[in-house]
> 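Dumping the structure here so I can ask a few things about it.
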Amino acid sequence: MLKKLLTFVLLTPSLCIAAPKYKISDADVRKWIIEGNKAEQCLFPNINSVSPTPTTYILHKRYVYELPLIKVIGLQNTNTIFSNIESGQYLERKFRRFNHTKPATFSSEWCENLKQQYARDIPAANQWFAQQEALQKQAQQAQEEKARQAFYATPQGQAYLAQQQLLQQQQAAQQQAYYNQQQILEQQRLERERQERNQAWRDLGNTIQQSANSLANTMQNNAQMLNNMNNQMMQNNNQMMQNWGGNRGGSVNCYNLGSITRCNY
């Protein structure tokens, strides 16, 4: 088995003073290593050539170390090793002494069943890892908040808070000034549009009035021209009748009756 993935045993750099609560035998250590090699060579044949993902890391630990150990010494003794530092250190020394990576013997049917069980555990491992990440993030945020509150309680923290409050007030004042300026610009725009509309209506009214005046002048000129033509025709008619009467040797008196000219000879 790979020693770099043996992480479930609790190790400390200090010397063991108390006696282990459980001392695993050499024979059980050898059995455990063989069982672990079988699982590792079945599920992780290329473990040396790839970097394990967090999920692979967790499942490798479970299938190569934990489950084989439970199979050899039972769940209760395994829990004792997990919870007792001295027992874990004792197992780790035995592991280093007897560990090997010799090819293990197992049937293809056994390996296939183990792979199916491993595949069923992948979603749970992913969920566990996500939960651990969330818990770690929460713990980090809580620690940062605690440190932040402790800093705020110091004179430097109080000065920082005062500075931040002043900056917020300045930003709020700038935003309000910008809002007021936009309001003024909007009112000016609306006033320009109103004046442009009024000017457009005035221009239209002037155009209509000019057209009406031009039409009236044209009609008046036409009427004057008709009157002049009528007077000219009357004069021509009177002159013609007088000339005609003179040629006959009599006198001719012409007078107008409305639009009709009568002459007495």
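All residue numbers in this chain count up from 1 along the given sequence.
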> How many angstroms lie between atom CZ of R93 and atom CD1 of I24, to the nearest 0.5 angstrom?
12.5 Å
> Can you find a pair of side-chain heavy atoms, one from I81 and one from N77, that are under 4.5 Å apart?
no
> Which pair of non-hydrogen atoms, one from H60 and one from Y65, has the smallest distance, and what is that distance?
CE1-CE1, 3.7 Å
> Listing request: all salt bridge (charged side-chain N to carboxylate O under 4.0 Å, His left out) pairs with a residue in residues 149-159, at least two apart in sequence or in separate chains.
none
> Does the side chain of Y118 come within less than 4.5 Å of I122's, by heavy atoms?
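Yes. Closest side-chain heavy atoms under 4.5 Å.
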> Can you list every pair that meets salt bridge (charged side-chain N to carboxylate O under 4.0 Å, His left out) and has a residue in residues 174-190, with sequence neighbours left out?
E186-R189, R189-E193
> Is the distance from the ring center of F98 to that of W32 below 6.0 Å?
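No.
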> Measure across N84 and S87 and return the closest heavy-atom pair with its distance rounded to 0.1 Å.
OD1-OG, 2.6 Å
> May I ask you to test the Y22-I73 pair for a side-chain heavy-atom distance under 4.5 Å?
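Heavy-atom side-chain distance check passes, below 4.5 Å.
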> What closest approach, in Å, do I34 and H100 show between heavy atoms, and which atom pair accounts for it?
CG1-NE2, 4.3 Å
> Would you say D28 and K94 make side-chain contact, with heavy atoms under 4.5 Å?
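A side-chain contact under 4.5 Å is absent here.
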> Which residues end up grouped with I58 if you chain together Ile, Leu, Val, Met, Phe, Trp and Tyr wherever their side-chain heavy atoms are less than 4.5 Å apart?
W128, F129
> Before giving the answer on side-chain hydrogen bond (donor to acceptor under 3.5 Å, both in side chains), spell out for E191 and Q195 the whole-Å C-alpha distance, their side-chain angles and the decisive distance to 0.1 Å.
CA-CA 6 Å; E191 178 63 20; Q195 293 179 359; 3.0 Å; yes
> If every non-hydrogen atom of R120 is compared with every non-hydrogen atom of P123, which pair is closest and at what distance?
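Shortest heavy-atom separation between R120 and P123 comes out as O-CD, 3.4 Å.
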> Nearest 0.5 Å, what's the OG-CG distance between S107 and N113?
8.0 Å
> Test D26 against R97 for side-chain contact (heavy atoms from CB on, under 4.5 Å), laying out the working first.
CA-CA 10 Å; D26 294 350; R97 177 181 175 185; 4.0 Å; yes
> Is there a side-chain contact between L43 and K115 (heavy atoms, below 4.5 Å)?
yes
> Give, for atom CD of Q168 and atom CD of Q165, the distance between the pair rounded to the nearest 0.5 Å.
7.0 Å
> Listing request: all side-chain hydrogen bond (donor to acceptor under 3.5 Å, both in side chains) pairs with a residue in residues 174-185, at least two apart in sequence or in separate chains.
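Every pair satisfying side-chain hydrogen bond (donor to acceptor under 3.5 Å, both in side chains) with a residue in residues 174-185: Q176-N180.
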> Which pairs with one or both residues in residues 58-175 pass disulfide (SG to SG under 2.5 Å), sequence neighbours excluded?
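Disulfide (SG to SG under 2.5 Å) check on residues 58-175 returns C42-C111.
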> Going by side-chain hydrogen bond (donor to acceptor under 3.5 Å, both in side chains), name the residues that satisfy it together with D121, two or more places apart in sequence or in a different chain.
Y63
> I would like to know whether K61 and E66 meet side-chain contact (heavy atoms from CB on, under 4.5 Å); could you show each step before the answer?
CA-CA 6 Å; K61 168 185 169 181; E66 295 178 1; 2.9 Å; yes
> Rounded at 0.5 Å granularity, tell me how far CD1 in I33 sits from NZ in K31.
13.0 Å
> Taking the hydrophobic residues Ile, Leu, Val, Met, Phe, Trp and Tyr, and joining any pair whose side-chain heavy atoms are under 4.5 Å apart, which ones share a cluster with M219?
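ILVMFWY cluster around M219 also holds L215.
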> For P68 and R62, which heavy atoms make the closest approach, and how far apart are they?
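Nearest pair, atom of P68 first, then R62: CD-O, 4.0 Å.
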> For residues 214-226, pull every pair meeting side-chain hydrogen bond (donor to acceptor under 3.5 Å, both in side chains), keeping only residues two or more places apart or in separate chains.
Q224-N228
> For residues 135-156, please give each side-chain donor-acceptor pair under 3.5 Å, one per line with the distance, not counting sequence neighbours.
from	atom 1	to	atom 2	distance (Å)
Q140	NE2	E144	OE2	3.3
E145	OE1	R148	NE	3.2
E145	OE1	R148	NH2	2.4
E145	OE2	Q149	NE2	2.6
T154	OG1	F151	O	2.5
T154	OG1	G157	N	3.1

> How many angstroms lie between atom CZ of F95 and atom CG of L91, to the nearest 0.5 angstrom?
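Nearest 0.5 Å value for the CZ-CG distance: 8.5 Å.
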> With sequence neighbours excluded, what pairs up with K71 under the salt bridge (charged side-chain N to carboxylate O under 4.0 Å, His left out) test?
E35
> Taking atom CG of L75 and atom CD1 of I70, what is their separation to the nearest 0.5 Å?
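L75 CG to I70 CD1: 5.0 Å, rounded to 0.5 Å.
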> side-chain contact (heavy atoms from CB on, under 4.5 Å) with Q170: which residues, sequence neighbours excluded?
L166, L167
> Let me check something: any side-chain donor-acceptor pairs from residues 203-211 under 3.5 Å, sequence neighbours excluded? List them with distances.
from	atom 1	to	atom 2	distance (Å)
D203	OD1	Q199	NE2	2.8
N206	ND2	R202	O	3.3
T207	OG1	D203	O	2.8
Q209	NE2	N213	OD1	2.9
S211	OG	T207	O	2.9

> Could you tell me whether a side-chain N or O of Q41 sits under 3.5 Å from a main-chain N or O of K102, the two making a donor and an acceptor?
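Present.
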